[in-house]
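Contents: one structure, followed by commentary.
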Amino acid sequence: MSQKIIMNFTVPGDDFTRAGEASSAVKRALKQLGLNSDVIRRVAIAMYEGEINMVIHANGGEIVVEIGSDDVQMILTDHGPGIQDIALAMREGYSTAPDEVRNLGFGAGMGLPNMKKYTDEMTIDSIVGQGTTVRMVVRVPQS
Ligand SMILES: Nc1ncnc2c1ncn2[C@@H]1O[C@H](COP(=O)(O)OP(=O)(O)OP(=O)(O)O)[C@@H](O)[C@H]1O
Ligand SMILES: [Mg+2]
């Protein structure tokens, strides 16, 4: 796999029932490519959490996934409210999710900490009032 495979997704901002479609599609693609199962699990968890965050906190956005032989890179871009204090948002248990979202089982404040935990690299760039870009990389162990 010397060429990179690129997958593009638009994440709708208003539809909880469809949230997770992009990460499911990437998981299927990685399985089909026969990638290491631990890599698949980590990509699926991290991307799902990022995708849900775009739906809950940012009214949707776009995701680009680049699958290479060395790593899987995910870039999640939204045009939501942005994150004022990234260090605070990264803390376990910190959440601004409203009650109606908590009633659906989200809002434990564990998404960003888990994205960090399950990836090898994660950077967040955010401008308040403009949006947020999250870049994550999961490395593929070389055998
Ligand atoms: N894309 C985003 N745009 C704006 N704010 C965000 C975004 N992603 C996360 N945040 C902010 O960071 C906080 C923490 O995010 P995190 O994913 O850790 O928890 P959560 O989404 O509130 O709950 P959980 O992920 O456990 O369901 C959110 O409550 C929100 O305030
Ligand atoms: Mg979250």
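Here the structure is a predicted model, which is why all the values come from computation and not from measurement. Indexing begins at 1, ligand by ligand and atom by atom, following the structure's order.
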Please check if atom CD in Glu66 has more than 12 non-hydrogen atoms from other residues, nucleotides or ligands closer than 6.0 Å. yes

Do other residues, nucleotides or ligands put more than 12 heavy atoms under 6.0 Å from Glu100 CD?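 Check passes, neighbour count above 12.
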
Please examine the side chains of Ile5 and Leu33, heavy atoms only from C-beta on, and report whether any two atoms are closer than 4.5 Å. yes

Minimum side-chain heavy-atom gap Met90-Met122 below 4.5 Å: yes

Kindly say whether Thr133 contributes a backbone atom to a donor-acceptor pair with the side chain of Asp125 at under 3.5 angstrom?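 Pair absent, no side-chain N/O of Asp125 close to backbone of Thr133.
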
Quick one about Ser23 and Glu51 (side-chain donor to acceptor, distance below 3.5 Å, no hydrogens or angles considered), yes or no?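 On atom types as modelled, these side chains qualify, holding a pair under 3.5 Å.
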
For the Mg ion (ligand 2), which protein N/O/S atoms are closer than 2.8 Å?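 Listed by chain and number, the nearby protein N, O or S atoms are Asn53 OD1.
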
Quick one: do Val64 and Ile6 satisfy side-chain contact (heavy atoms from CB on, under 4.5 Å)? Show the steps, please. CA-CA 7 Å; Val64 180; Ile6 301 186; 3.9 Å; yes

Working to the nearest 0.5 Å, report the span between CZ of Phe106 and CD1 of Ile56.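 CD1 of Ile56 is found 5.0 Å from CZ of Phe106.
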
Hey, what do you get for CD (Glu62) to CE (Met54), rounding to the nearest 0.5 Å? 6.5 Å

Which pairs of N or O atoms, one from ligand 1 and one from the protein, are separated by less than 3.5 Å, and what is the distance for each pair?
{"unit_1": "ligand 1", "atom_1": "1 (N)", "unit_2": "Asp78", "atom_2": "OD2", "d": "2.9"}
{"unit_1": "ligand 1", "atom_1": "17 (O)", "unit_2": "Asn53", "atom_2": "OD1", "d": "3.0"}
{"unit_1": "ligand 1", "atom_1": "17 (O)", "unit_2": "Asn53", "atom_2": "ND2", "d": "2.9"}
{"unit_1": "ligand 1", "atom_1": "17 (O)", "unit_2": "Leu112", "atom_2": "N", "d": "3.3"}
{"unit_1": "ligand 1", "atom_1": "18 (O)", "unit_2": "Gly111", "atom_2": "N", "d": "3.2"}
{"unit_1": "ligand 1", "atom_1": "18 (O)", "unit_2": "Leu112", "atom_2": "N", "d": "2.9"}
{"unit_1": "ligand 1", "atom_1": "21 (O)", "unit_2": "Asn53", "atom_2": "OD1", "d": "2.9"}
{"unit_1": "ligand 1", "atom_1": "21 (O)", "unit_2": "His57", "atom_2": "NE2", "d": "2.8"}
{"unit_1": "ligand 1", "atom_1": "22 (O)", "unit_2": "Ser95", "atom_2": "OG", "d": "2.5"}
{"unit_1": "ligand 1", "atom_1": "23 (O)", "unit_2": "Gly107", "atom_2": "N", "d": "3.3"}
{"unit_1": "ligand 1", "atom_1": "23 (O)", "unit_2": "Ala108", "atom_2": "N", "d": "3.4"}
{"unit_1": "ligand 1", "atom_1": "23 (O)", "unit_2": "Gly109", "atom_2": "N", "d": "3.1"}
{"unit_1": "ligand 1", "atom_1": "25 (O)", "unit_2": "Gly111", "atom_2": "N", "d": "3.1"}
{"unit_1": "ligand 1", "atom_1": "26 (O)", "unit_2": "Ala108", "atom_2": "N", "d": "3.1"}
{"unit_1": "ligand 1", "atom_1": "26 (O)", "unit_2": "Gly109", "atom_2": "N", "d": "2.9"}
{"unit_1": "ligand 1", "atom_1": "26 (O)", "unit_2": "Met110", "atom_2": "N", "d": "2.8"}
{"unit_1": "ligand 1", "atom_1": "27 (O)", "unit_2": "Gly107", "atom_2": "N", "d": "2.7"}
{"unit_1": "ligand 1", "atom_1": "29 (O)", "unit_2": "Thr96", "atom_2": "N", "d": "2.7"}
{"unit_1": "ligand 1", "atom_1": "29 (O)", "unit_2": "Thr96", "atom_2": "OG1", "d": "3.3"}
{"unit_1": "ligand 1", "atom_1": "31 (O)", "unit_2": "Thr96", "atom_2": "OG1", "d": "2.5"}

